[in-house]
Each structure stands twice: as structure tokens, then as C-alpha cells.
Chemist: 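Following this message is one structure expressed as C-alpha cells.
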2 protein chains.
Amino acid sequence: MKNFDIYEGNVTSPKGFQASGVHVGIKKKRKDIALIVSDVLAEAAAVFTTNKACAAPVKVSQENIKDGKIQGFVINSGNANACTGDQGMKDASQMVDTTAEALGIAKENIIVASTGIIGVVMPMNLIVKGIKMAATALNYDGGLDAGEGIMTTDTTVKQLAVSLKIDDQIITIGGIAKGSGMIHPNMATMLSFVTTDAKVEGAFLQKLLKEVVDDTYNMITVDGDTSTNDMVAVMANGLAENNEINENHPEVEKFIEAFKYLNEYLAKSIVADGEGATKFIEVEVVNSQTKDDAKLAVKSVLSSSLVKTAFFGEDGNWGRIVCSVGYSGANLEMEKVDVFLSSPEIQYQIVENGQGTNVEGELLAKFLKRKEVKVLIDLKIGTEKAKGWGCDLSYEYVKINGAYRT
Amino acid sequence: MKNFDIYEGNVTSPKGFQASGVHVGIKKKRKDIALIVSDVLAEAAAVFTTNKACAAPVKVSQENIKDGKIQGFVINSGNANACTGDQGMKDASQMVDTTAEALGIAKENIIVASTGIIGVVMPMNLIVKGIKMAATALNYDGGLDAGEGIMTTDTTVKQLAVSLKIDDQIITIGGIAKGSGMIHPNMATMLSFVTTDAKVEGAFLQKLLKEVVDDTYNMITVDGDTSTNDMVAVMANGLAENNEINENHPEVEKFIEAFKYLNEYLAKSIVADGEGATKFIEVEVVNSQTKDDAKLAVKSVLSSSLVKTAFFGEDGNWGRIVCSVGYSGANLEMEKVDVFLSSPEIQYQIVENGQGTNVEGELLAKFLKRKEVKVLIDLKIGTEKAKGWGCDLSYEYVKINGAYRT
């Protein structure tokens, strides 16, 4: 049983957050500017792409988050403002300035994000106009609009809210995310924005976010490419009036559990919407010597083109799974490795002590027609573990990413 | 001008090497057992897969090469003898024993290799029979037969020979290789066998092979998967009667140049035969701070599914190239990076100082219809460089690897 409730909600589900999403014309039809704003200055934390070719808004946001206080997020979709040189930096700053002025909040308390085509200078006339429109449209039920405003090739809005009691106060955490492999026509971007009305200590929030990102967003892979624009950011505005949450708070574990659940859900939603994906694949590695070993092995399996095409082909190709674990860099003893394929209802052991078992091919073929498959790999040489999520590699992926001009 | 001659030849081109390739029935129609044997005990060197799930023949060969002396290679195709447990080790040893007995050479002087399906116990009756047949078929022109004997999904035999003069003696180096992405139905294997009649110091040969493998075979990528069975092995039997080649030999550079050329040619042949590949792509990174940085960047570009599908789609998507350099881990300053696409005849600069240039789309689209494209990335922060080779990612790749049962 979970210590929290889960419901269809988003960044405006917690108290004291307004949001909006509007269409100004950066994209043809869909909403392309989003705002998420706290009624009061909030403790904030963010994790950014490690790509050295990071985009201008990432640089501006990294500067603004330094003091741990943020009051608003401004996001545009349709243009990533990446590889745009000095002009890009000016444009990202102008987005911040325009937002600050329209909302009457301080410039240094704004995070800016962009997603879309790269290498093209931003249509600033439209963007400035859009931010002003979005400021006017702000409201306490605007989270879904904001969720739509950050979408690019996404086919679904990704959103969730959870609530729980801490210090007898109801606390809510809400989030929206975007990402589906790759942005037409240039590159993948993953964005996630989380809000909570919980009162949380700033340093604790940053530490928690970093840990949670490592176990969730950093454990998903669609095509192995890391975008220039990836960003996960959170604001905690304290309006729930609980005692400040930090490592010593008696109910901190409840908060961590709910916060992690929400982020894991958003991360998995991105993979499930992976471009051209026909299967959702969870990989768990258990009983490794270190957690890093487990993560290396999980990512190696999820990133292997051979494993991904095998799942697309609905083939229980254990050789490819074992092979990708073998070259992952994780410490292992081949003659101990067990591999299982499972669903909530049934489990097949396909490798025992490094060798294939004789699961009947027809049974396995039938099982692999499922949309969701779990791969469990037991290294049997330690006690650590890790989990990750990915998808298969289909004709459609190649079509979307290789032949989009036709 | 090169200091050596290049010709259509192979492992029997150098003096004193016999080879053979026969069909015994491990595969349906094509040759499946190959032997390469020196008339005299040779200095030898080998580099093996780093995959921890390495196959039984790799383990047996690693033991036998320890003293640096080898006289024969025995190879079967159709079954990789990987993930076959204790039985696999026994079978690899039996291949060695059978070869030693049939040829009258010492067991510990034999390298054994296998390629094909994994996780299936070897059909040893056939293999023993095949080795005996191959021993009978050995001859001084058998290199091409051996080249055919090691093929799996390869569509072409990969072979080459080069000759040069050292100490006024004609020295020949010959090689055969196999690999085309992935072995139906399980995994990629890359095998390369090189022979030379040059007299070469054992320690120098091992060092040279390691360096050359790092710059050639280790710089190709078809799908980023590292097989359980990869192996590059060389025998130098000394029959050319030159003075022993080592680091102090006055003509050592000529030998290194020819040896490297041959191995680079074989490595590139594997990529050119990549499963479903429609383009051959060379990536060179120059002016990096370290050679490792250059290699990281080269491999990152060649392994990116987004870059690979862009080339398949004949799209000069510089954003994906820059992005994959950005997340490679190589040190760089984005605002200095230049990127060029080129053929021997023409060169287009598509990125200057981290930003896209305005090469006319139609010109680029026409250029990208070429079968071979070179990507040159100038980091402009150092003096090191590296080169690598890969291919595009096509519908056909997904079909071969994902839907082979249909």
C-alpha cells in the first residue's frame, strides 16, 4: 500500500501555482508557450543536460538557480535556441526579462527552457508576444495547458499529481513532462517541471532531485542520444504549511517515496511515447556488486540496437541480452547470470547460470506479443540493484528520424 | 606514394602459409571450417573481445597465445560456441586437439575461433569431420577458401595482401576478415586473421597489433554491440629472411605503415558490408586536446542512431552531429567547433564556430546521395586527432535484426 494518493493532475494541483499554455505561431497549430508561476518565491532545484553543446536557456537557467530561489518557469516549444551563439544568449535573457516584467517578479527568479529545432535563431517577436499572452492567461487550473505548451513530437500530454499527509497537512506534488525520442527535425529533448506546496529545505530539495533524476529520467533511453536542452526543475512554495522537510523530518521517507513515484511515472511516460515504439521494456538488474554496475548493465541492455530490434521482432533473443550485459562494463561472472522475461502474471527463465534454458519457443513467442515486457537479470554476485526503462527499435523509428522529408 | 604494393591476396600470399576452407554441414550450403597453417612455428599476437561474456574458444586461445608462439588457426562458422558452459570449453579444446593431431603440430600452438549462433552446443561430430577434411585440403593457394569458410551473414569475402621490401627482401602481409553487423540469429562477430613472412620480434608484434587494432577494428561501428567472439590474430613466420623487425629496425616505419594499411582496409570492408547499410561514413575529429577525446567524439557520432538515420535519410543534419559530439565526453568548446561534409572532390562547411552555415539545402541533398561521405569535425582546441568508420541505420537493418523470422 502506498502512503500517498495518485490522481490525474499536474503543476497547478499543489496550492499557490498558476500556469498557462498558449499558441502564438512558433509551431503551426499546437500551443507553443507555457508559464508556471508560484504565488510566492519558492525553494527550487534543477538538473540540466550534461551535453557540452548545451543550449542558451540552459546556461541562463543555471545562473538563475544558483541561489536556490525561483518563482516562475517560462518555456517555449518549436525552437530549442541551441547552437545559436551570442544571439541565442540574448534571446534567452530576453525571454526572462519579458516574463519578469509581465509577472512583476525578479529576473533572477526565473527558469527558462526551450525545445524544438536547433540552430535556428528564435522568432523573438512571436515569443515576446506569446509570453505576454501566457501571462494574461495564467490561472489556477492552467497546468494542462502548460503541459500541452511544452509538447513537440509527443503524442500525449505527460502529467501526474500525488498527495500525502505530512505533519497532518495535505501536501501535493504535481508535474508535467515532455519528450518522445526526438524533436522533428533535429534532436531529442526531455523536459520535466514539478511543483509542490510542501515546505522543503533548499539544500535537501537539490540533493533529493539529483538522486531521483539519477534513478528515473537518467534511467530511460529511447535512442541513447542526450539532448542539448534536457532539464528537470522543481519549485516548492511551502504553502501547505508543514514543518520544513529535510533529512531529519520524521516523515521525510513518505515525501521521498511520493516525489520519486511522480518522477518515475513521468520518466516512464516519456519512454512509452518513444518515437515509433511498439513495446515498453523494463530492465532490472539485481544482486550486482555495486549500484553503478547494475546501472551500467541496465543501460547497456536498453541501448543495444540488437536487443531493441529483437523485441520489435518479438524474439526472446537471450543471447543478445547476455551479450549486452557482457560488454556493459559491469562486473559479472557469466556462469552465474540468470535472465527472466516477465509480465505481472507470468515469468519465464530464459538463461540459467549463463546458459539458455529450454523454454518452449511457441510459449515465448506468444508471451512477447505483449506491449509491456520486463527483463530481470540476476548477477548473483552481490546485493545491489537498479531499474530502467526503454522501448524497441522499429521501422517507424527509422522512418520518423531518417525519412521525415518524404 | 605508398612504400608498399597492394593486391588481391590473403593469408596464403606470404611465403610458407597454407590454408583451406571446406563445407561439412554446420551451415546449410556455405563453407564452415577453415584452417590457416604456417610451415614453421611463428611469432604470434592476438587481441580478443573485451566482452565479459566471452566465448569458450576465446578463453582457450588466450591461454595458447600466452607464450607468443602459434603455428595454426582453426575456425568454424555457423556456431559461436558461446554461453555453452563446461561443454563449450571441452568442445573448443577438442577442436584444438583434433587440429593438432591432423596437422602434427603442438596443441599449445593453435588458436581456435568460432562464429555463428550462440547458446547452442557445438555439433562436434561434424566439426571433427570438417577439421580432418580441411587438413587434407590445405594448400598454398587456399587463402580464399579460408576467407569463405569464416563468413556468416557477410555478403563479400574480405581479403587483402600488401608487399614491401625490407633489408632488400620482399615481405608480404596478407589477411582475411569477417563481420557484417550481426550474425543470424544472434550477434555480431568480427574476426580477422593476418599472416606475414616477415621476421618480427614477438613483443614488438604484440604491441604493434594492439595499437593498430585500437586505430582500426576498434574504430568501426555497425551497431555499437561488442560480440562475445571478436578476435584479431597474426602469425609472423620469418621465412622472408629479413633482419628481425623491432622498434630499432631502420625500416620499421615502412612495416608499420603497410601492416596498418592492411588492417584498416579489412576493418573498413567489414563496415562497408554492414547489415542493411546504404552509406559508408568516415568520421575524423581533428585538433582535440587528447587522442582519447578525438576517439570518444568519433565513436559517439558513428554510434548515434539519430546521426545514422539522418544519413539514411540523406539529410545533412548538422544539429545531430554537433549534439553527439557534445555528449561524447570529449573536451570541447562549442563556440569553436567546425563541421565539414566532404567527398574526395568537394567539401561543404556545415558548422562554423558552433553555428550552422547557410549551405544551400539542394546542393547538400544532392551531395548526400553519395554512397560514401566523410564528416570532418575540427575542435580547434588542440593538436590530436582520430578517425573511424561506420554506416547508416536503415529499414533493412531493422528487418534483418528484428524480423528475421518472417
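Letters A, B, ... mirror the listed sequences (proteins, then strands); counts begin at 1.
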Chemist: Scan residues 348-359 of chain A for pairs that pass salt bridge (charged side-chain N to carboxylate O under 4.0 Å, His left out), counting only residues two or more places apart or in two chains.
Modeler: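 Passing the test, one end in residues 348-359 of chain A: no pairs.
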Chemist: Check Cys83(A) against Gly354(B) and note the closest heavy-atom contact, atom names and distance.
Modeler: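 Here Cys83(A) and Gly354(B) meet closest at CB-O, 3.3 Å.
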Chemist: Side chain from CB out, backbone as N, CA, C, O: work out which of these in Asn331(A) comes under 4.5 Å of a heavy atom of chain B, or both, or neither.
Modeler: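 Contact with chain B involves both backbone and side-chain atoms of Asn331(A).
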Chemist: Name, in order of residue number, those residues of residues 333-340 of chain A that have a heavy atom at a distance of less than 4.5 Å from a heavy atom in chain B; otherwise write 'none'.
Modeler: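 When heavy atoms of chain B are the reference, residues 333-340 of chain A contributes Met334(A) within the under-4.5 Å range.
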Chemist: As an exercise: rank Ser328(A), Gly88(A), Ala80(A), Gly85(A) by heavy-atom pairs under 4.5 Å with chain B and give me the winner.
Modeler: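 Ranked by contacts with chain B, first place is Gly85(A).
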Chemist: Using non-hydrogen atoms and a 4.5 Å limit, figure out which bit of Ala330(A) sits close to chain B: side chain, backbone, both or neither.
Modeler: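 Looking at Ala330(A), just its backbone touches chain B.
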